[in-house]
Number of protein chains: 2
Amino acid sequence: MPKQRAPRPTLAQVARAAGVSVGLASMCLTGAPGPAERTREHVREVARRLGYRPNKAASVLARHEVRRIGVVFSLRQAFHAQVIEALYQATASRGYELLLSAVTDDRAPQEAAEHLIDSRCQAIILVSTHPDDIDVSAAIDTVPIVIVGSNRSSAAISSVSVDGWAGVRQAMLYLQSAGHTRIAFADAPEASGTVDRRLGYESAMQAAGTNAHSTIVHGGETFQSGIQAAKRLQLLAQLPTAVVAHNDECAAGIIFGLKIRGLQVPEHVSVVGFDDSGFAWQSGLRMTTLHQDVAQIAALAVDEATRRIESAAGGVRPAEILVSPSLRIRDSSAPCSAKRLTA
Amino acid sequence: MPKQRAPRPTLAQVARAAGVSVGLASMCLTGAPGPAERTREHVREVARRLGYRPNKAASVLARHEVRRIGVVFSLRQAFHAQVIEALYQATASRGYELLLSAVTDDRAPQEAAEHLIDSRCQAIILVSTHPDDIDVSAAIDTVPIVIVGSNRSSAAISSVSVDGWAGVRQAMLYLQSAGHTRIAFADAPEASGTVDRRLGYESAMQAAGTNAHSTIVHGGETFQSGIQAAKRLQLLAQLPTAVVAHNDECAAGIIFGLKIRGLQVPEHVSVVGFDDSGFAWQSGLRMTTLHQDVAQIAALAVDEATRRIESAAGGVRPAEILVSPSLRIRDSSAPCSAKRLTA
DNA sequence: CACCCACGTACCAAGTGATGT
DNA sequence: CACATCACTTGGTACGTGGGT
């Protein structure tokens, strides 16, 4: 037998039940200074008894400072999910509230951002790997925007992104000092971050001297595309002794693709991923990869957002923040041994 | 040089600029009947020119009917993401707005649900695979609750879930008519939905007669655990000729686990997944699996939510809705051939 | 006469229906 | 009758004022 759904009690009702004025009740519940401790406790007790919950819409409307940040993200990417989790943490610890708005096939970034603006978010964080997600032009002169995962900041947009160049250089340095010379790179031209990573690869190959030649294959950013990349690697004139991949999904695909074709990792080929997303451990392989500190990235993004919010006049220029990933050496890489195949 | 951030124009400002009253301006913009077409167009034009966007907080507060549904979900599960995408679609087409609230390590379902209630959502959809997520007792007598993905409805909670029993029966019927007799099931005791699926398996095995014996191994719900399940399958006295897995992640793990151990799918073993989530195609293998129509599930969940919202008095009893999955036969299964291994 | 505490009330930005003209 | 206006509503917040020791 379904109960009659009780209409939510309002602050006025709580106040009446407690025998105080609405204004005083508000102060008691929000923790504002003023009320006597006895009164405060009494009002709180009454509110609890009545099951009172403040109406957010009314509160946002009345309050001057809303302390609310919105985030636009895609539901398809595991890395985004990690960032969102970290953003919840980062905003909460700074006394901000986080509002989510997802991008889907029939819900453009534009629309997602508008929802957040209409909800009076004071800043928008855009979690993105694809550069064209930045088509939120309408929002630009309304609230500060911080992009996470892409370094295309502009005169109006801040960015927090990983230093792909330095990351890949780090991986290359490690592989080279482990004796590898035939190192390939699996890129993902469809993702914006890949350019810096490839440049890091190429610069490291150049630094290694003339007998090292760059080999770039299409890797893509999914497990599936990684599997296909493994095929391409095997079809090369010479099988590389090591591969650096655009991200973990791709690296995992390469590893499984090679295994299926009878090649062992790391015995025959070393594979290094990028992100240290779930895939680096979820897939059962302890993968060598470049670790991104998601908590740190989220914290920097929120800090940048609040910085620009608090300089209300708009006198602060957007920042471009780079975070260096750190190499986590695990089981998908090893020194270059004599056991190498030559075709 | 960052521009001065312009304060958002209010309806009052639009009205003044258009030379009409606030009330009339409101009617023009919301599409309420009354205003002359000429006036309406004029006000709309002025609003556009000023970049007016309605304040959601004020709108929600003033409006009697909010038409807003909230969803609590976990960021860790790919299937949840698919459901959310479908929910956006389903709510939008019914003139409702969807609010997201994620569960994380330090954000309990309870807290996530409270955020939605405080935002005056009229119903809450809980996307969940784990039964203990249903600890939102405080919310129960405030708004209708619909659980997606678990069949534990109650006197106060509706549910929409897939019919695991019927689904697995369907897969079994297909495998058995393809000549398979040694069929194993990989379960996931940690997930709530697994029980029905296993019962479907056992009933199908019983129906097949005495010479068929049930073989249940721990499969888990992740790719990693699936890989380990492959090992367990190989250690059995007799390798099964077919395996039905709790979900796609697990099935994919089993397939790759078998491949790594030199066994081919479907030549040596047929594998059937469950969900038809991204993994069924993303991993590069066209997997035979039980397809869940996410759009349909989302639509049913929203319909149930609106049904209970609209019976404002609470006189409607919660429903328990079952959706049958449909078998998608693809490349990970085949008729039982003579080529089988016997140990 | 301070001082503390509580009160009343004017907002916030929109929506709604009765009341004009 | 068609169209526009006004006064009031929504739930809370913030601040100026006043009543009591």
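Order of the sequence lines sets the chain letters (A, B, ...), proteins ahead of strands, with each chain counted from 1.
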Would you name the heavy atoms of [X] and [Y] that are closest together and state the gap between them?
{"X": "B:Tyr52", "Y": "B:Leu11", "value": "CE1-N, 3.5 Å"}
{"X": "A:Ala298", "Y": "A:Val83", "value": "CB-O, 4.4 Å"}
{"X": "B:Met27", "Y": "B:Pro33", "value": "CE-O, 4.3 Å"}

How about [X] and [Y]: do any of their side-chain heavy atoms sit closer than 4.5 Å?
{"X": "B:Leu24", "Y": "B:Val43", "answer": "no"}
{"X": "B:Leu100", "Y": "B:Tyr88", "answer": "yes"}
{"X": "B:Val143", "Y": "A:Arg8", "answer": "yes"}

Measure from [atom1] on [X] to [atom2] on [N] and round the result to the nearest Å.
{"X": "B:His42", "N": "D:dA4", "atom1": "NE2", "atom2": "C1'", "value": "14 Å"}
{"X": "A:Arg38", "N": "C:dC4", "atom1": "CZ", "atom2": "P", "value": "18 Å"}
{"X": "A:Arg67", "N": "D:dT13", "atom1": "CZ", "atom2": "P", "value": "15 Å"}
{"X": "A:Leu29", "N": "D:dG11", "atom1": "CG", "atom2": "P", "value": "16 Å"}

Out of A:Arg107, A:His115, A:Glu111, which residue meets the side chain to side chain donor-acceptor pair (under 3.5 Å) rule with A:Ser101?
->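 Answer after filtering A:Arg107, A:His115, A:Glu111: A:Arg107.
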
Test applied, side chain to side chain donor-acceptor pair (under 3.5 Å); reference residue, B:Ser158; option that passes from B:Arg308, B:Arg307, B:Arg317 =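 Of the listed options, the one satisfying the test is B:Arg308.
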
End-to-end axis angle, where each axis spans five pairs of the helix from C:dA2-D:dT21 to C:dT21-D:dA2, to 10° |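 Computed angle between terminal axes is 60°.
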
Protein-to-nucleotide contact annotation, 5' to 3' order, nucleotides 7-21 of chain C [B base; S sugar-phosphate only; - none; under 4.0 Å, heavy atom] = BB---BBBSB-----

